[in-house]
Asker: 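Below are the structure tokens for one structure; questions will follow.
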Amino acid sequence: MKRSKIRMLLQSPHPQDLVLVKGWVRTRRDSKGFSFIEINDGSCLKNIQVIAQSSLPHYDDIQKLTTGSAVAISGALVASQGKGQLWEIQASDVTIISLAPESYPLQKKRHSDEFLRTIAHLRPRTNKYGAVFRIRSELSYAIHRFFRDRGFYYIHSPIITGSDCEGAGEMFRVTTLNPGDRLPDGHAFDASRDFFGRETGLTVSGQLSAEMFALALGDVYTFGPTFRAENSNTRRHAAEFWMIEPEMAFCNLSENMDMGETFIRYLIDHALHNCSEDMELFAKFVDPSLMATLDHILTSEFVRLPYREAVDILSAAGRSFEYPVRFGTDLQSEHEKYLTEIHFKRPVILYDYPKSIKPFYMRVNDDRQTVAAMDILAPGIGEIVGGSQREERLDILEARMDELGMNRADYEWYLDSRRYGSVPHSGFGMGFERLIMMITGITNIRDVIPFPRTPGNIEF
RNA sequence: UCCCCAGUAGCUCAGUCGGUAGAGCAAGUGGCUGUUAACCACUGGGUCCGCGGUUCGAGUCCGUGCUGGGGAGCCA
């Protein structure tokens, strides 16, 4: 007999004479003549309540079932006599697949996030983490659907890369050389003897690849793992995270901002409509203002604010910031917080940043001082999207690279796209984990990724 | 990398003025019960993060290291 998912059984429109469920015991309570067993199989947040009568064979074993044990239950799906649930199973057979010993770390109580991080291999068995990772899965699907519905193609940009100048941070080194090979006879590490014959790293961005494909397929996106070897110790940073990077041909900065805003709204809306039960958990236990916040983002226009005007607003704020605000410096966390959480109280898209603080590929504006960059800042999260219109003019791009001391020879393939059929195009990157943080109200990135990688932490 | 805070039972924590350690939950045993974070009683459970120092005496004070958390920088 095929097992039924608990999610389906709890939605059943009618009783069923015989069903089979397999899952893990969340809790068990004895009553006179029978035992209540709550089973969870991960298909949804809710457990299903099983009634095991004392007349069942091996009832003494059933009474020893502990939290975390695995069981197969067959029986009848009937209307519950008790309050609190519509359906329950009157068991005709309880098969113990495996018994969890008393050392099972997860108890029938709330655990701290810090403790659960130390048992990241077991935490998906809890209500909260089960919910996060169901939502994460659903949002992944929604991302593909969003782009597919709009005629975008999904590009698999390389994970291993030789371009060290994607401009987005320190790279992890990829090598097949053994540590002992690196210093033969006291000589330094020799990349020309390595697997690829040159220094190689893990990708920090799929953007440059995506640009090449946008200039062929029109509208494309990447969605994959991204690696940053920065020694960042904050609740918003991980060394390995997932990023979504759409890239659109014949698209200017304004249309790029439209896409970013539409995209964020779509994903929030999708989570609310397709993960309502899991979302309620976060609204109830993690962030009581979550639903109001998400509703606000859905219904209010994002503020669009040139960098220069942001500087003016901050200068006129009448408060002293730890870091002074002036044109030519990047805005600090405290400034972003002021704009999104105090001044506007909604997401803000900042654009037209000073050229001096942005990478080579961003399109230089007519004022020659700013570039067509845009960052979407969300209240409580900070930067969730960073993007730009790309510099499509070969001469200006080359001049920028020279200005920044880059070796053009390393980018001949990239410059070819500006030599042959160059067109205005734009794109952005969105941190998937930061999106999940915004949607669930979870405040630490380590709690929205299955096995987080951060400086000094590679367990699991 | 810098600044701040914390580390006591399996988990969450309390521990006063420096005088050899406590609660709730969990676990075990028994009782009660269509229960649902079940309830009641009893029982077991400690390298007070490590190392060094001050002191007659350190969970408590000092130094140092480790681990965790928060903030900053960097960024998505």
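No experiment lies behind these values; they were computed from the predicted model shown. Just so it is clear: chains get the letters A, B, ... in the order the sequence lines come, proteins before strands, and each one is counted from 1.
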Asker: From C-beta outward on A:F36, which listed nucleotide comes closest to its side chain: B:A76, B:G73, B:G34?
Answerer: B:G34
Asker: Separation of A:E240 atom CD from B:A76 atom P, in whole Å?
Answerer: 17 Å
Asker: Within the 4.0 Å heavy-atom criterion, would you say A:R28 contacts the bases, only the backbone, or no part of the nucleic acid?
Answerer: nothing
Asker: Looking at A:E391 and A:R400, does any basic side-chain N land under 4.0 Å from a carboxylate oxygen?
Answerer: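 Result for this pair is no, no salt bridge flagged.
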Asker: Taking CG from A:L122 and P from B:G10, how many angstroms apart are they, rounded to a whole number?
Answerer: 17 Å
Asker: Any side-chain donor paired with an acceptor under 3.5 Å for A:N252 and A:R363?
Answerer: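 The criterion, which ignores hydrogens and geometry beyond distance, is not satisfied for A:R363 and A:N252.
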Asker: Tell me the interatomic distance from A:N233, atom CG, to B:G69, atom P, rounded to whole angstroms.
Answerer: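 Those two atoms, CG and P, are 9 Å apart.
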Asker: Identify whether any heavy atom of A:F115 sits under 4.0 Å from a base atom; if not, whether one sits that close to sugar-phosphate; answer base, sugar-phosphate or nothing.
Answerer: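 Contact class for A:F115: sugar-phosphate only.
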Asker: Side-chain N or O of A:R117 less than 4.0 angstrom from OP1 or OP2 on B:G69?
Answerer: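 Yes, A:R117 has a side-chain N/O under 4.0 Å of OP1/OP2 on B:G69.
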Asker: In whole angstrom, give me the gap between the P atoms of B:C49 and B:A14.
Answerer: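 Between the two P atoms, the distance is 13 Å.
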Asker: With RNA chain B as reference, determine whether A:E433 or A:T66 sits nearer its 5' end, using the nearest nucleotide of each.
Answerer: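 With A:E433 and A:T66 compared, the 5'-side residue is A:T66.
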Asker: How far apart are the closest heavy atoms of A:V50 and A:A91, and which atoms are they?
Answerer: CG1-CB, 3.8 Å
Asker: Determine the interatomic distance between C1' on B:C74 and the same-named atom on B:C2; round to the nearest Å.
Answerer: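 Those two atoms are separated by 13 Å.
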Asker: Heavy atoms only, 4.0 Å cut-off, all strands: where does A:E334 land among base, sugar-phosphate and nothing?
Answerer: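 It contacts nothing in the nucleic acid.
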Asker: With a non-hydrogen cut-off below 4.0 angstrom, is A:L435 in contact with a base, only sugar-phosphate, or nothing?
Answerer: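 Touches nothing.
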Asker: Is the shortest side-chain N/O distance from A:S103 to OP1 or OP2 of B:G10 below 4.0 Å?
Answerer: no
Asker: Classify the side chain of A:D30 versus the base of B:U35 as yes if they form a donor-acceptor pair under 3.5 Å and no if they do not.
Answerer: no
Asker: Name the nucleic acid region contacted by A:T226, choosing base, sugar-phosphate or nothing; use a 4.0 angstrom heavy-atom cut-off, strictly under.
Answerer: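 Here A:T226 touches no strand at all.
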Asker: Would you kindly check if the NZ (Lys) or CZ (Arg) of A:R308 is within the cone defined by 45 degrees around the ring axis of A:F327 and under 6.0 Å from the six-membered ring centre?
Answerer: yes
Asker: Can you tell me which nucleotide in B:C75, B:U1, B:G68 comes closest to the side chain of A:D330?
Answerer: B:C75
Asker: Once you apply the 3.5 Å cut-off to both distances, tell me the Watson-Crick or G-U wobble partner of B:A38, or none.
Answerer: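 Answer to the pairing question: none, since B:A38 forms no Watson-Crick or G-U pair.
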Asker: Taking the side chain of A:K108 as its heavy atoms from C-beta onward, which of B:G34, B:A27, B:G73 lies nearest to it?
Answerer: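 Comparing B:G34, B:A27, B:G73 against the side chain of A:K108, the answer is B:A27.
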Asker: Using the P atom on both, measure B:G10 against B:U47 and round to a whole Å.
Answerer: 7 Å
Asker: If only side-chain N and O atoms of A:N444 are considered, is one of them under 4.0 Å from the OP1 or OP2 phosphate oxygen of B:G70?
Answerer: yes
Asker: If you look at every strand shown and take non-hydrogen atoms under 4.0 Å, does A:S80 touch a base, only sugar-phosphate, or nothing?
Answerer: base
Asker: Determine whether any donor atom in the side chain of A:Q90 lies under 3.5 Å from an acceptor atom in the base of B:G34, or the reverse, and answer yes or no.
Answerer: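 Answer is yes: a donor-acceptor pair is held.
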Asker: With a cut-off of less than 4.0 Å, is there a side-chain N or O of A:R110 near OP1 or OP2 of B:A26?
Answerer: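 No, outside the criterion.
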Asker: Of the nucleotides B:G73, B:G68, B:U35, which has the atom closest to the A:R29 side chain?
Answerer: B:U35
Asker: Any N or O donor-acceptor pair under 3.5 Å from the base of B:G34 to the side chain of A:Q81?
Answerer: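 Looking at the base of B:G34, it does pair with a donor or acceptor on the side chain of A:Q81 (distance under 3.5 Å).
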Asker: Using only modelled atom types and a 3.5 angstrom limit, is any donor from either the side chain of A:H111 or the base of B:C11 paired with an acceptor on the other?
Answerer: no
Asker: So what does A:Y104 touch, heavy atoms closer than 4.0 Å: a base, only the sugar-phosphate, or nothing?
Answerer: nothing
Asker: In Watson-Crick or G-U wobble terms, both distances under 3.5 Å, what is the partner of B:G73?
Answerer: none
Asker: Using purine N1 to pyrimidine N3 plus N6-O4 or O6-N4 for Watson-Crick, or N1-O2 and O6-N3 for G-U wobble, both under 3.5 Å, which nucleotide pairs with B:C25?
Answerer: B:G10
Asker: Taking only the C1' atom of each, what is the distance from B:A41 to B:C51 in whole angstrom?
Answerer: 45 Å
Asker: Return yes if the base of B:C75 and the side-chain atoms of A:R434 contain a donor-acceptor N/O pair under 3.5 Å, otherwise no.
Answerer: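 Flag set: donor-acceptor pair detected.
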Asker: Are OP1 or OP2 of B:C75 and a side-chain N or O of A:R228 less than 4.0 angstrom apart?
Answerer: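 Result: no.
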Asker: Closest heavy-atom contact between A:G68 and A:Y104?
Answerer: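 In terms of heavy atoms, the two residues are closest at CA-CE2, 3.6 Å.
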Asker: If I pick the C1' atom on B:C56 and the same atom on B:A6, what distance separates them, to the nearest angstrom?
Answerer: 31 Å
Asker: Rounding to an integer number of angstrom, what distance separates B:U8 and B:G22 when you compare their C1' atoms?
Answerer: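 Their C1' atoms lie roughly 10 Å apart.
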Asker: Tell me whether A:R150 forms a cation-pi arrangement with A:Y221, defined as NZ or CZ under 6.0 Å from the six-membered ring centre and within 45 degrees of its axis.
Answerer: no
Asker: Just checking A:E102: base, sugar-phosphate only, or nothing, at a heavy-atom cut-off of under 4.0 Å?
Answerer: sugar-phosphate
Asker: Under the criterion ring-ring contact (aromatic ring centres under 6.0 Å, His included), I'd like the reasoning laid out for A:F34 against A:F36: C-alpha separation, chi angles, the key distance, then a yes or no.
Answerer: CA-CA 7 Å; A:F34 57 94; A:F36 295 101; 5.2 Å; yes
Asker: Is the terminal nitrogen or CZ of A:R304 (NZ for Lys, CZ for Arg) located under 6.0 angstrom from the six-membered ring centre of A:F302 and within 45° of that ring's axis?
Answerer: no
Asker: Regarding A:R236, tell me which of base, sugar-phosphate or nothing describes its non-hydrogen contacts under 4.0 Å with the strands shown.
Answerer: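 If one applies the 4.0 Å heavy-atom cut-off, A:R236 turns out to touch a base.
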Asker: Would you kindly give the CZ-to-P distance between A:F227 and B:C74, to the nearest whole Å?
Answerer: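 Distance, rounded to whole Å: 24 Å.
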Asker: Is A:D447 salt-bridged to A:K128, cutoff N-O under 4.0 Å?
Answerer: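 Not counted as a salt bridge, because no side-chain N and carboxylate O are separated by less than 4.0 Å.
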Asker: Determine the interatomic distance between P on B:U60 and the same-named atom on B:C39; round to the nearest Å.
Answerer: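 So the two P atoms sit 36 Å from each other.
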Asker: Counting the atoms with a prime plus P, OP1 and OP2 as sugar-phosphate, which does A:S112 contact under 4.0 Å by heavy atoms, base, sugar-phosphate, or nothing?
Answerer: sugar-phosphate
Asker: Heavy atoms only, 4.0 Å cut-off, all strands: where does A:K337 land among base, sugar-phosphate and nothing?
Answerer: sugar-phosphate
Asker: Round to a whole Å and report the spacing from CD of A:E383 to C1' of B:A72.
Answerer: 16 Å
Asker: Take atom CD1 of A:I442 and atom P of B:G70, then tell me their distance rounded to the nearest Å.
Answerer: 13 Å
Asker: With sugar-phosphate meaning primed atoms plus P, OP1 and OP2, does A:E88 contact a base, only sugar-phosphate, or nothing at under 4.0 Å between heavy atoms?
Answerer: base
Asker: Taking the nucleotide of RNA chain B with the closest heavy atom to each, which residue, A:G456 or A:I357, is nearer the 5' end?
Answerer: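 Mapping each residue to its closest nucleotide by heavy atoms, the 5'-most match is A:G456.
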Asker: For the pair made of CD1 in A:I62 and P in B:U35, what is the distance, rounded to whole Å?
Answerer: 21 Å
Asker: Whole angstrom is fine here: how far is it from CD1 in A:I119 over to P in B:C11?
Answerer: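 Going from CD1 in A:I119 over to P in B:C11 covers 9 Å.
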Asker: Please pick, from B:G70, B:A72, B:A76, the nucleotide with the shortest atom-to-atom distance to any side-chain atom of A:R235.
Answerer: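 Selected nucleotide: B:G70.
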Asker: Would you kindly check whether a donor in the side chain of A:Q107 faces an acceptor in the base of B:G10, or vice versa, at under 3.5 angstrom?
Answerer: yes
Asker: So A:Q85, base contact, sugar-phosphate only, or nothing? Heavy-atom distance under 4.0 Å.
Answerer: base
Asker: With respect to the phosphate group of B:C75, does any side-chain polar atom (N or O) of A:S232 fall under 4.0 Å of OP1 or OP2?
Answerer: no
Asker: Over all strands shown, is A:F34 touching base, sugar-phosphate only, or nothing at heavy-atom distances under 4.0 angstrom?
Answerer: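 Base contact.
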Asker: Would one find a side-chain N or O of A:K109 under 4.0 angstrom from OP1 or OP2 of B:C13?
Answerer: no
Asker: Taking only the C1' atom of each, what is the distance from B:G45 to B:G28 in whole angstrom?
Answerer: 11 Å
Asker: Base of B:U1, side chain of A:E230 - is there a donor-acceptor contact under 3.5 Å?
Answerer: no
Asker: Would you say A:E102 and A:T66 are linked by a side-chain donor-acceptor pair, where the criterion is simply a distance under 3.5 Å?
Answerer: no
